[in-house]
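The chains referred to below are lettered A, B, ... by the order of the sequence lines, with proteins before strands, and numbering in each begins at 1.
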Number of protein chains: 2
Amino acid sequence: MAHPTTSISEQELVLCGQGRELVRDVLERIGDKWSVVVICQLGHTTKRFNELRRLSEPITQRMLSATLRSMERDGLVTRTLHDTKPLRVDYALTPRGLSLLAVARHLAGWAVDNAAGIQESREVFDAP
Amino acid sequence: MAHPTTSISEQELVLCGQGRELVRDVLERIGDKWSVVVICQLGHTTKRFNELRRLSEPITQRMLSATLRSMERDGLVTRTLHDTKPLRVDYALTPRGLSLLAVARHLAGWAVDNAAGIQESREVFDAP
DNA sequence: CTGTATCCCATGAGATACTG
DNA sequence: CAGTATCTCATGGGATACAG
């Protein structure tokens, strides 16, 4: 890991200064509706388009296509076209994609740990 | 930490099953335009509305208000109204908010580490 | 099988003005 | 000071149909 136990002050600097746009950028990457789902479904194994589509249900064809392309653009997945008939395309996470997978899992851990508590807070807040 | 070295298979289960909605939920919470900024600016210290507003520039009054309220609803911040004149309201992260701060910093670490590489990948991808 | 092209609408968020 | 109320517009993303 590159930031294992970075000091708090350093991280605060990062988040308060120029780093803010970087962080926003990452959040746009990971915060859209499907990226994390696709990243997690891809995991460490290569998968085909329709395979991913089934695993990521109810994603639409359009959104899977768009999500994969912007991930490819960011160097998170590789796209390999096998020139067979019928067509066959394989997707796999790159090393960078795998490192994002780790972050996504960290996030997922927090989500699972806090989902119930948040739900409860909301109910209290929304009460009469 | 609740999920320090959770096994991969367990996490994969979490992300593929019911956990998906939970994760989406968290991403909507943290993935909006201002939550992470506000969380980071709040950090470990109590702050007033306009103080936060300056620190989170160029956030609008409306969005800071909305962001803080949904964070309060989720039990991430506390809002304390001091009945003085002129009015004074203090905001601070709750323990849950602080745990999210840690996750946000993890994300920020990844962002900083990968921003340059992603930028480069994009340029290559977008090339003529 | 693996996509692209359109159309369409709900939502997120900025600008601005007003209030306790 | 600490908000709320409108208005407005860009965009994200679903449904559907078509294409290589």
Side-chain angles (χ1 to χ4, degrees), chain A residues 20-21 23-39 41-42 45-74 76-92 122 125-126, chain B residues 20-21 23-39 41-42 45-74 77-92 125-126:
Chain A
R20 220 145 85 183
E21 289 132 45
V23 175
R24 251 282 86 205
D25 217 53
V26 173
L27 286 171
E28 260 154 29
R29 150 90 282 127
I30 189 181
D32 68 7
K33 192 160 182 184
W34 296 108
S35 289
V36 168
V37 172
V38 169
I39 286 172
Q41 295 300 347
L42 219 35
T45 61
T46 292
K47 297 217 161 57
R48 306 179 51 176
F49 187 85
N50 274 350
E51 199 173 353
L52 266 175
R53 191 181 172 187
R54 278 188 302 277
L55 290 168
S56 306
E57 252 157 19
I59 197 173
T60 62
Q61 209 166 27
R62 185 173 103 78
M63 287 317 295
L64 179 56
S65 178
T67 301
L68 285 170
R69 191 135 23 74
S70 70
M71 286 175 62
E72 189 194 0
R73 181 168 110 99
D74 287 355
L76 298 173
V77 307
T78 57
R79 191 191 113 112
T80 20
L81 169 65
H82 301 271
D83 210 21
T84 59
K85 188 142 194 290
L87 218 52
R88 173 193 177 125
V89 183
D90 283 344
Y91 291 93
R122 285 180 184 176
F125 191 89
D126 295 342
Chain B
R20 221 145 86 182
E21 289 132 45
V23 174
R24 249 284 86 205
D25 217 51
V26 173
L27 286 171
E28 260 154 29
R29 149 90 283 125
I30 190 181
D32 67 8
K33 192 159 182 184
W34 296 108
S35 288
V36 168
V37 171
V38 170
I39 286 172
Q41 295 300 348
L42 219 35
T45 62
T46 293
K47 296 215 163 58
R48 306 177 52 175
F49 187 86
N50 274 348
E51 199 173 352
L52 266 175
R53 190 181 173 187
R54 277 187 303 277
L55 290 168
S56 306
E57 251 157 20
I59 197 173
T60 63
Q61 209 165 27
R62 186 174 102 78
M63 288 316 295
L64 178 56
S65 177
T67 301
L68 285 170
R69 191 132 22 73
S70 70
M71 286 176 61
E72 189 195 359
R73 181 167 111 99
D74 287 355
V77 307
T78 57
R79 190 191 113 111
T80 21
L81 169 66
H82 301 272
D83 211 20
T84 61
K85 186 137 196 287
L87 218 52
R88 171 192 180 127
V89 184
D90 284 343
Y91 292 93
F125 191 89
D126 296 343

Listed by chain and number, what are the side chain to side chain contact (heavy atoms under 4.5 Å, CB included) partners of [X], not counting sequence neighbours?
{"X": "A:P86", "answer": "none"}
{"X": "A:R62", "answer": "A:T60"}
{"X": "A:A92", "answer": "A:T46, A:T78"}
{"X": "B:N50", "answer": "B:R53, B:R54"}

For [X], check side chain to side chain donor-acceptor pair (under 3.5 Å) against everything at least two apart and list the hits.
{"X": "A:T45", "answer": "A:K47"}
{"X": "A:S35", "answer": "A:R29, A:D32"}
{"X": "B:E28", "answer": "B:R24"}
{"X": "A:R73", "answer": "B:D126"}

Please compare A:D32 and B:R88 by the position of their nearest nucleotide in DNA chain D and report the one closer to 5'.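 That would be B:R88.
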With a 4.0 Å cut-off (strictly under) to non-hydrogen atoms of chain B, the first and last hit nts on DNA chain C, 5' to 3', are C:dA13 to C:dG20
Computed from five pairs at either end and rounded to 10 degrees, the angle between the axes of the helix from C:dC1-D:dG20 to C:dG20-D:dC1 is 50°
Please check if the side chain of B:S56 supplies one atom and the backbone of B:L52 the other of a donor-acceptor pair under 3.5 Å.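 The answer is yes, because a donor-acceptor pair under 3.5 Å joins these two groups.
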For nucleotides 15-17 of chain D, which of its nitrogen or oxygen atoms have a protein nitrogen or oxygen under 3.5 Å away, and what is each distance?
residue, atom, partner, partner atom, Å
D:dA15, N6, A:R62, NE, 3.3

Note: contacts of residues 78-87 of chain A with DNA chain C (heavy atom, under 4.0 Å) are A:R79, A:P86, A:L87
Determine the contact category for B:N50: base if any of its heavy atoms lies under 4.0 Å from a base atom, sugar-phosphate if only primed atoms, P, OP1 or OP2 are that close, otherwise nothing.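 Since only primed, P, OP1 and OP2 atoms lie under 4.0 Å of B:N50, the category is sugar-phosphate.
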Hey, mind stepping through B:D25 and A:R122 against salt bridge (charged side-chain N to carboxylate O under 4.0 Å, His left out) and telling me if it holds? CA-CA 13 Å; B:D25 217 51; A:R122 285 180 184 176; 3.3 Å; yes
### Task
Starting from the 5' end of DNA chain C, give me the residue, B:G31 or A:R53, whose nearest nucleotide shows up first.
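Of the two residues, A:R53 wins.
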Check: Taking CE from B:M63 and C1' from D:dG3, how many angstroms apart are they, rounded to a whole number?
Finding: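 Checked: the CE to C1' distance equals 14 Å.
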Handout entry: Atom-pair distance (CD on A:E28; C1' on D:dT11), nearest Å
Key =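 From A:E28 CD to D:dT11 C1': 11 Å.
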Which of D:dG13, D:dT4, D:dC1 is nearest the side chain of A:K33? It is D:dG13
Check whether any side-chain heavy atom of [X] sits under 4.5 Å from a side-chain heavy atom of [Y], and report yes or no.
{"X": "B:L64", "Y": "B:W34", "answer": "no"}
{"X": "A:L27", "Y": "B:V36", "answer": "yes"}
{"X": "A:R79", "Y": "A:F49", "answer": "no"}

